[in-house]
Amino acid sequence: MKLFLKLLRDIKQSMGQFIAIVIIIAVGAFFYAGLVTYSTNLSAYTKDYFQDHHLSDLNVYYSQLSKNDVIRLSKIEGIHKIEGRYTFDATQVFGDNKTALKIHSIPENNEINTSTIIEGNIPLNKGEILLDSHYAKEHQYRVGDQFTINANERTLDFTISGLGENVEHAKKNEIQDHKNYGVAYIAEQSLPEILHGFYYNEVIIDAEEGYDIDKLGKSIEVQSELLSYVDQVSKERTLNYSKINQTIYNNNLMSKIIPLVLFLIEAIILFLAMSRIIDSQRNQVGIMKALGVKNSTIMLHYMGYPVLAGILGSIIGCIMAAFVFIPLVTTSCARAYSLPDIKFSLSLFSIMPPIIFSSAFGVLACYLSGRAILKERAAQAMRPKPPKKMKKLLIERVPGLWSSTSYSYKLILRNIFLNKQKALASSIGVVVSTVLLITAFGTQASLLKVANQIEVVYTYDLKVDYAIGTSTNRVKLPPDMKESYFLATFPIEIIKDDDKENATLIVTEEENNLIHFFDEKDNRISLENNGLLVPKSYADKYHISKGDIIKIKFTAPEFKNTSVDMKVLNISTQYSNPSFYSTPEYLKSFNIDYNPTSLLVQANSAGDLMSVRTFFEQDRYVDTIADKNDLKKSAQYIVKQNSFVFIMFITSAIILSFGAIYTISSINIYERNRELATLKVLGYQKNKINRLIFLENIILTSFAVIVALPISVYVYKIIVKALSSTHQQIPDKLNILIILVSVFLAFLLTIVSNLLLRRKVTKINMIESLKSVE
């Protein structure tokens with residue numbers, strides 16, 4: 001009990017240092033508990049959700065398929081269940097806005113891709129529809145309302161029988177836009193009226209457990225030779241499945257790396273702190289040994305310090321995660337995915353790993369710090385620690401240089417090189433915090449650059465989409481228009497060795513100057529008639545270079561899986577909505593017809609834009625009108641999704657940097673009490689003494705920043721690579737301004753720490769520090 005009271009007294013005497021250590025542990029526990037809860041809960045939920053609702057392993061598309069064809073396909077080896085359905089696209093108009101809908105028929109005895117009913121019932125009768133609950137909320141639809149859509153140049157009326165979410169559309173699109181994109185399901189009984197007959201155009205397949213999906217896909221393709229086979233997509237290639245699993249993987253990785261780094265910093269600081277505490281209490285250790293207290297008991301007494309800090313820090317960190325991190329990721333997940341009834345709750349077991357890790361690191365630091373003194377005899381331990389031997393510094397060997405160096409700088413240099421290990425250890429905390437600052441600021445700036453590039457790349461005012469089948473001869477242009485260019489969009493598949501990836505090919509005129517292209521050095525590149533512009537995101541993933549020949553398959557049904565080999569004209573840097581670009585002339589060289597479906601328009605002035613838009617709105621051939629703001633949504637979405645993570649990274653980096661610098665500086669002052677007291681006796685003013693400590697910390701911070709810069713570049717590239725995908729490129733170039741701001745913050749925190757520690761120097765008791773230990 002007496003030793004415990006002594007422990008509390010030791011903590012009270014260095015309360016600032018103890019609080020700094022607790023805060024560092026709390027930051028590690030905060031990230032660990034938050035990230036582990038997010039990745040574990042999301043992983044467990046999606047695994048059960050996909051399994052319970054039987055997410056299809058393979059979707060195979062046809063132009064037309066009968067029920068008997070589906071029965072024949074069901075006999076293929078590897079198929080556990082197969083269901084046929086009809087899928088088509090539809091639209092709705094709300095004033096000036098037109099929304100897109102993906103409509104599926106629900107197979108009889110539906111067991112694959114089953115829906116979660118939020119309200120109402122599954123459509124069982126003709127004229128009933130199950131509507132995506134998020135889309136319904138955006139447009140204020142309720143069960144029992146009439147629901148009118150436009151599809152295949154017809155108007156179709158339904159009654160909403162229920163609202164729900166489906167497992168195959170947990171991720172609808174890149175920006176999870178519920179307002180402009182929805183999903184719905186109708187009963188099979190409605191198909192004859194829509195199709196003037198009855199047939200399917202898609203089968204969804206649940207494969208036998210463990211069966212090779214690629215092998216199954218090839219078998220289906222062979223068996224479909226006499227059928228109107230179009231294409232197939234495995235669940236691993238769908239946006240829905242791949243995005244969720246990528247998120248789980250990234251968060252799981254971060255939940256291991258980030259806390260481990262923070263706990264290692266904590267271990268270094270604890271090692272220095274415990275070394276200082278035990279060294280300063282040599283006399284007390286010697287007295288305890290003389291009184292017969294066992295070495296193990298003394299060691300356990302000092303180990304109580306890091307264990308207590310670990311328990312307090314872990315509890316505080318987990319409480320903060322429960323009230324800050326979990327609500328933020330819950331909101332982020334709801335915005336990113338449609339996962340009904342998912343809940344993120346912090347488990348009580350989440351607190352144990354941070355306590356175990358932080359305590360283990362602290363106990364190890366305590367053992368390494370205290371084992372040497374515990375080996376000494378009681379009489380030897382009660383004497384002052386012999387001073388370290390100091391070798392000549394390199395600067396002392398340079399004739400005239402050492403003698404011309406001021407006494408203050410001699411003291412600083414001697415202290416740093418006398419305690420090289422502690423100086424190095426004290427720099428590590430600043431290195432890591434600087435790396436975190438540069439990485440967090442840099443990635444956030446890169447995401448903002450994605451959003452800003454829209455203004456540079458796209459200089460048109462409106463994009464006008466015409467109804468299917470509209471001839472260019474029918475297109476009428478308004479008088480207040482400056483220039484316009486046609487374009488066509490083709491769904492394609494890029495094939496590289498055994499890999500396949502869905503993409504978009506945009507075909508437009510060579511002279512189109514309303515879309516600008518840039519290489520990775522931000523130099524303008526042009527569209528030409530002898531090749532294809534490939535987005536850098538695809539080029540990086542599939543190792544495509546300028547001049548390569550790549551295979552492109554046109555996946556629209558009318559092309560009947562036509563594949564061509566195209567030359568790579570150049571690599572284009574497209575941050576948001578990356579697409580392949582070609583000219584009509586190059587497309588025609590492969591005997592592929594170019595039928596433009598859209599028009600890019602630039603008005604004479606901002607004042608004429610409204611009249612131009614009104615002109616197109618009154619054109620009966622115009623399907624939809626969009627402006628650049630629609631393009632910005634995708635870029636702004638990824639900024640919003642990741643902003644809170646980087647805010648927490650920046651905050652944690654600042655806390656970590658401050659905690660590390662404050663703790664190390666506090667230890668430095670305590671260890672040099674006798675030296676600083678001697679300087680005070682010799683007449684040094686407290687401002688001069690503070691300047692000595694300040695300059696020493698600035699030197700250590702400078703060294704840490706120099707080391708942190710190359711590490712920051714490497715870590716930054718890893719983070720950017722993790723955030724990027726073929727559908728979203730993130731620029732991987734650090735802005736010099738970001739580096740300067742991060743470095744400035746590191747030095748600012750050093751200054752603040754020194755200002756807070758000035759009172760410690762003022763409180764140094766000269767008599768007490770200089771009097772004999774005996």
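Since we're looking at a predicted model, the values are computed, not measured. FYI, the numbering just counts along the sequence from 1.
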Contact check, side chains of [X] and [Y], non-hydrogen atoms, under 4.5 Å:
{"X": "V60", "Y": "Y229", "result": "yes"}
{"X": "V203", "Y": "L58", "result": "no"}
{"X": "Y466", "Y": "D619", "result": "yes"}
{"X": "F88", "Y": "I149", "result": "yes"}
{"X": "Y542", "Y": "V534", "result": "no"}
{"X": "L599", "Y": "F616", "result": "yes"}
{"X": "E511", "Y": "Y485", "result": "yes"}
{"X": "N240", "Y": "Y337", "result": "no"}

Inset, instruction - With L533 as reference, evaluate I506, I571, I525, V568 under the side-chain contact (heavy atoms from CB on, under 4.5 Å) test and give the passing residue. - result: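 The option that passes is I525.
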Rounded distance [0.5 Å steps], [atom1] in [X] versus [atom2] in [Y]:
{"X": "L462", "Y": "S484", "atom1": "CG", "atom2": "OG", "result": "11.5 Å"}
{"X": "K172", "Y": "Y181", "atom1": "NZ", "atom2": "OH", "result": "8.0 Å"}
{"X": "E528", "Y": "L569", "atom1": "CD", "atom2": "CG", "result": "4.5 Å"}
{"X": "S582", "Y": "K588", "atom1": "OG", "atom2": "NZ", "result": "11.5 Å"}
{"X": "S545", "Y": "H543", "atom1": "OG", "atom2": "NE2", "result": "9.5 Å"}
{"X": "L101", "Y": "D132", "atom1": "CG", "atom2": "CG", "result": "8.5 Å"}

Legend entry - Mutual orientation of the aromatic rings belonging to H178 and H134 [parallel < 30°, tilted 30-60°, perpendicular > 60°]: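 Answer is parallel, since the angle falls under 30°.
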Inset, instruction - Taking the six-membered ring for Trp and the single ring otherwise, decide whether the centroids of Y538 and F580 are under 6.0 Å apart. - result: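 Ring centroids of Y538 and F580 are less than 6.0 Å from each other.
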Could [X] and [Y] be called an ion pair, given the rule that one side-chain N must be under 4.0 Å from one carboxylate O?
{"X": "K553", "Y": "D231", "result": "yes"}
{"X": "K179", "Y": "E138", "result": "no"}
{"X": "D89", "Y": "K102", "result": "yes"}
{"X": "E168", "Y": "R85", "result": "yes"}
{"X": "K541", "Y": "E501", "result": "yes"}

Legend entry - Trace of the side-chain contact (heavy atoms from CB on, under 4.5 Å) decision for L514 with T508: CA-CA 11 Å; L514 298 182; T508 188; over 6 Å; no
Legend entry - Enclosure of E520 CD (heavy-atom neighbours >12, cutoff 6.0 Å):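 It does not: E520 CD has 12 such atoms or fewer within range.
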Inset, instruction - Assess whether atom CZ of F590 is packed by more than 12 heavy atoms of other residues, nucleotides or ligands within 6.0 Å. - result: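 More than 12 within 6.0 Å, yes.
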Inset, instruction - Go through the side-chain N and O atoms of Q232 and N59 and say whether any donor and acceptor fall under 3.5 Å apart. - result: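 Short answer, no.
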Legend entry - Y575 and S537: side chain donor to acceptor below 3.5 Å: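 The criterion, which ignores hydrogens and geometry beyond distance, is not satisfied for S537 and Y575.
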Inset, instruction - Would you check, one step at a time, whether the test side-chain contact (heavy atoms from CB on, under 4.5 Å) holds for Y38 with T247? - result: CA-CA 10 Å; Y38 183 38; T247 299; 3.9 Å; yes
Inset, instruction - Report yes or no: does T583 contribute a side-chain atom to a donor-acceptor pair with the main-chain N or O of E510 at less than 3.5 Å? - result: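 The answer is no, because no donor-acceptor pair under 3.5 Å joins these two groups.
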Inset, instruction - Could you tell me whether the side chain of S446 and the main chain of P731 form a donor-acceptor pair under 3.5 Å? - result: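 Answer holds: yes.
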Legend entry - Intermediate values then yes/no, side chain to side chain donor-acceptor pair (under 3.5 Å), S605 and D608: CA-CA 5 Å; S605 64; D608 294 330; 3.2 Å; yes
